[in-house]
Structure formats: C-alpha cells, structure tokens
Amino acid sequence: MLSLWVALVFLLSLATAKEPCPGGREKCPDYEKLEVFHDIEIRRYDASRWAQIYAYSDEYGFMKEKAYRDLHEYFHGNNYESQRMSLTTPLLFTFDPADPYKEFSRRGQMFLNSRSESGVHIPAPRYPVGIIEMDPAYFYIRKINQTASFRDIWREAHLMMADLDYYRQPMDMSRILLALYDYPKPIEGPTTYKGSNEIWIEKAAFTPGDGHSDQLTAMKMA
C-alpha cells in the first residue's frame, strides 16, 4: 500500500513539474502550451510584470548590449532600494511592426514576476529602467537561429507572418517580440543555445464561426 502511495505521489509530481528555465536561470515566465502545428506553438502567458528600457539604436548588437547592461544593473542592485535579484530569462524585445526602426518602437525587457505571485517585492527602478504590466496574452511562437541583425529578425518575422496568413491564423499586428534565451549569457552549460531564440507574434481573439478553429483542426488531421 505504501509503495502504491509513493508511486502516486511521484506521478503527480511529474504531472505538475515545471519545465526548467533555459540557460540555468532560476526564473522565467510561466506559460501554457495550447496547440502545436508544424513548427509553430500557440502559448498562453499569464499577467506579469517586467523591467523595461527603451533601446535607442539602429545597430542590433549595440541595442542588445545596452538593454542587457541597463537591466543587469537594475537586477544587481542599481535601484532605489539597492535590492539584488537573480537574473531571469528571456531578454525580450518588443517592436512596432509598422516602423521597427523607430526609436520608441524598440523596448528591451526582463521578466520580474507573475501577478499571481504573492509577497514578491519589486524594488523601485532608477532611470532609464521602468516597470511595465503585461496582461494575459496568447502568442504564436517559432524558434529561430538567425538573430545577428535586424534584417535577419524581420526576414524570420515576415516568413512566420506569411505562414500564419496561409494557415488562416488571426494575428494582432500591433506587437511582435524577439525572445533571446542565449542572452543574457547562461550560468552553466554551453555558451549559446542555437535554435532556442524565438519570434513571438500576438494571436488575435477567435471570432465564433470564423473558420479558424476548424482550419487548425483540419491541419492537425492532415
């Protein structure tokens, strides 16, 4: 009887276990994987808080370095309470698809906590870091390898948008994100995570009877 109980507890622990965060990080945003078709996932992310800076640069490498440096300093005590926090993953960039090269369209972000977490104190940031709230959202996710330049990123994003349009998946074109899991540098393991960086495109809400759900079911059966 005891062995049966132990086995049951073990199975329950497997069912509720979280996926480890990439790069050996202690913390990353929770999500629920809803669907997978071809090489695109649909995920639901909970409401959350993120540290953010505006990334003023037309040069991708400099933008990435600047965002990481300022956010790293905030997490390591450069805030009004001198509070240190463990770095999280991914380093997230938000772009305005209408004008991705516009200065105020590029924002670098690092995850702080989910709104459902209780008792988590977030220290007040110093300029140029701010705190933003993200509402629950659904995203299409595709893993990518090439993130060496803006041109690489936008080529991947446009290919993904073309595929989503072909499969009649409703997109919210107001927000496209780049999630870098190989940056910040990993705590342990390999120095890069090729194929682990991602393009996120926000999913628009389904309208009953619009045929999108039927189309996705048909693709999964094909």
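Residue indices begin at 1 and follow the sequence shown.
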Chemist: Provide the closest heavy-atom pair for Ala67 versus Gly108 in the form atom of the first, atom of the second, distance.
Modeler: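 Reported closest heavy-atom pair: CB-CA, 4.3 Å.
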Chemist: Report yes if some heavy atom in the side chain of Leu164 is under 4.5 Å from a heavy atom in the side chain of Phe37; otherwise report no.
Modeler: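 Contact flag for Leu164/Phe37 side chains = yes.
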Chemist: Specify whether Trp200 and Phe139 have parallel, tilted or perpendicular ring planes, treating 30° as the upper limit for parallel and 60° as the lower limit for perpendicular.
Modeler: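 Rings of Trp200 and Phe139: tilted, as their planes differ by 30° to 60°.
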Chemist: Could you walk me through whether Arg43 and Glu198 pass the salt bridge (Lys or Arg N to Asp or Glu O under 4.0 Å) check?
Modeler: CA-CA 12 Å; Arg43 300 179 192 164; Glu198 297 168 338; 2.8 Å; yes
Chemist: Flag the pair Ile199 / Leu178 as yes when at least one side-chain heavy-atom distance between them is below 4.5 Å, and no otherwise.
Modeler: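 A side-chain contact under 4.5 Å exists here.
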Chemist: Output the distance between atom CE (Met63) and atom CD1 (Ile53), rounded to the nearest 0.5 Å.
Modeler: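 Taking CE in Met63 and CD1 in Ile53, the distance rounds to 9.5 Å.
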Chemist: Sequence neighbours left out, what pairs pass salt bridge (charged side-chain N to carboxylate O under 4.0 Å, His left out) with at least one residue falling in residues 72-91?
Modeler: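 Checked against salt bridge (charged side-chain N to carboxylate O under 4.0 Å, His left out) - neighbours excluded - no pair reaches residues 72-91.
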Chemist: Glu202: which residues meet the side chain to side chain donor-acceptor pair (under 3.5 Å) condition with it, sequence neighbours left out?
Modeler: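 In terms of side chain to side chain donor-acceptor pair (under 3.5 Å), with neighbours along the sequence ignored, Glu202 is linked to Arg175.
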Chemist: What donor-acceptor contacts under 3.5 angstrom involve side-chain atoms of residues 128-135, with partners at least two apart or in another chain?
Modeler:
{"unit_1": "Glu133", "atom_1": "OE1", "unit_2": "Arg115", "atom_2": "NE", "d": "2.8"}
{"unit_1": "Asp135", "atom_1": "OD1", "unit_2": "Arg115", "atom_2": "NH2", "d": "3.1"}

Chemist: Does Glu156 pair with Lys143 as a salt bridge, N-O distance under 4.0 Å?
Modeler: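 Result for this pair is no, no salt bridge flagged.
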Chemist: Give the ring-plane orientation class for Tyr45 versus Tyr31, where under 30° counts as parallel, over 60° as perpendicular and anything between as tilted.
Modeler: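 Answer is tilted, since the angle falls between 30° and 60°.
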Chemist: Has the side chain of Tyr140 got a donor or acceptor atom that lies under 3.5 Å from a matching backbone atom of Pro170?
Modeler: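 Yes; at least one donor-acceptor contact below 3.5 Å.
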Chemist: Tell me which one of His38, Arg142, His158 satisfies side chain to side chain donor-acceptor pair (under 3.5 Å) with Asp163.
Modeler: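 By the side chain to side chain donor-acceptor pair (under 3.5 Å) criterion, Asp163 pairs with just one of His38, Arg142, His158: Arg142.
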Chemist: More than 12 heavy atoms of other residues, nucleotides or ligands under 6.0 Å from OH of Tyr138: yes or no?
Modeler: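 Not more than 12 within 6.0 Å, no.
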Chemist: Does some side-chain heavy atom of Thr89 sit less than 4.5 Å from a side-chain heavy atom of Cys28?
Modeler: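 Touching, per the 4.5 Å side-chain cut-off.
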Chemist: Which residues satisfy the side chain to side chain donor-acceptor pair (under 3.5 Å) test with Ser116, sequence neighbours excluded?
Modeler: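 Checked Ser116 against side chain to side chain donor-acceptor pair (under 3.5 Å); zero matches.
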Chemist: Can you give me the closest heavy-atom contact between Ser48 and Phe111, atom names plus distance?
Modeler: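 Heavy atoms only, the tightest pair is CB-CE1, 3.8 Å.
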Chemist: Looking at Glu117 and Lys27, does any basic side-chain N land under 4.0 Å from a carboxylate oxygen?
Modeler: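 Yes, Glu117 and Lys27 are salt-bridged.
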Chemist: Hydrophobic clustering (ILVMFWY, side-chain heavy atoms < 4.5 Å, transitive) - are Ile40 and Tyr166 grouped together?
Modeler: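 Yes, Tyr166 connects to Ile40 through the hydrophobic network.
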Chemist: What closest approach, in Å, do Tyr181 and Asn197 show between heavy atoms, and which atom pair accounts for it?
Modeler: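 Looks like N-OD1, 2.8 Å.
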Chemist: Taking NZ, NE, NH1 and NH2 as the nitrogens, is one of them in Arg44 or Glu32 under 4.0 Å from a carboxylate oxygen of the other?
Modeler: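 No salt bridge links Arg44 with Glu32.
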Chemist: Could you walk me through whether Thr88 and Leu112 satisfy the side chain to side chain contact (heavy atoms under 4.5 Å, CB included) test, starting with their C-alpha distance in whole Å, then the side-chain angles of each, then the deciding distance to 0.1 Å, before giving a yes or no?
Modeler: CA-CA 7 Å; Thr88 62; Leu112 289 169; over 6 Å; no
Chemist: Might you work through the side chain to side chain contact (heavy atoms under 4.5 Å, CB included) test for Tyr74 and Arg126, ending with a clear yes or no?
Modeler: CA-CA 8 Å; Tyr74 167 70; Arg126 297 180 186 273; over 6 Å; no
Chemist: Would you check if Ile153 and Ile176 make a side-chain contact, meaning some heavy-atom pair closer than 4.5 Å?
Modeler: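 They are not in contact (no side-chain heavy atoms under 4.5 Å apart), so the answer is no.
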Chemist: Check side chain to side chain donor-acceptor pair (under 3.5 Å) between Asp165 and all other residues, then give those that pass, not counting sequence neighbours.
Modeler: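 None.
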Chemist: In terms of relative ring orientation, are His72 and His76 parallel, tilted or perpendicular, with 30° and 60° separating the classes?
Modeler: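 Because their plane-to-plane angle is under 30°, the rings of His72 and His76 count as parallel.
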Chemist: For the residue pair Arg49 / Asn113, report whether a side-chain donor-acceptor contact shorter than 3.5 Å exists.
Modeler: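 Side-chain D/A pair, Asn113 to Arg49: present.
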Chemist: Holding to side chain to side chain donor-acceptor pair (under 3.5 Å), I want the full list of residues that pass it with Ser114, two or more places apart in sequence or in another chain.
Modeler: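 Checked Ser114 against side chain to side chain donor-acceptor pair (under 3.5 Å); zero matches.
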Chemist: How far apart are the C-alpha atoms of Met110 and Tyr68, what are their side-chain angles, what is the distance that settles it, and do they pass the side chain to side chain contact (heavy atoms under 4.5 Å, CB included) test?
Modeler: CA-CA 9 Å; Met110 273 190 185; Tyr68 173 63; 3.7 Å; yes
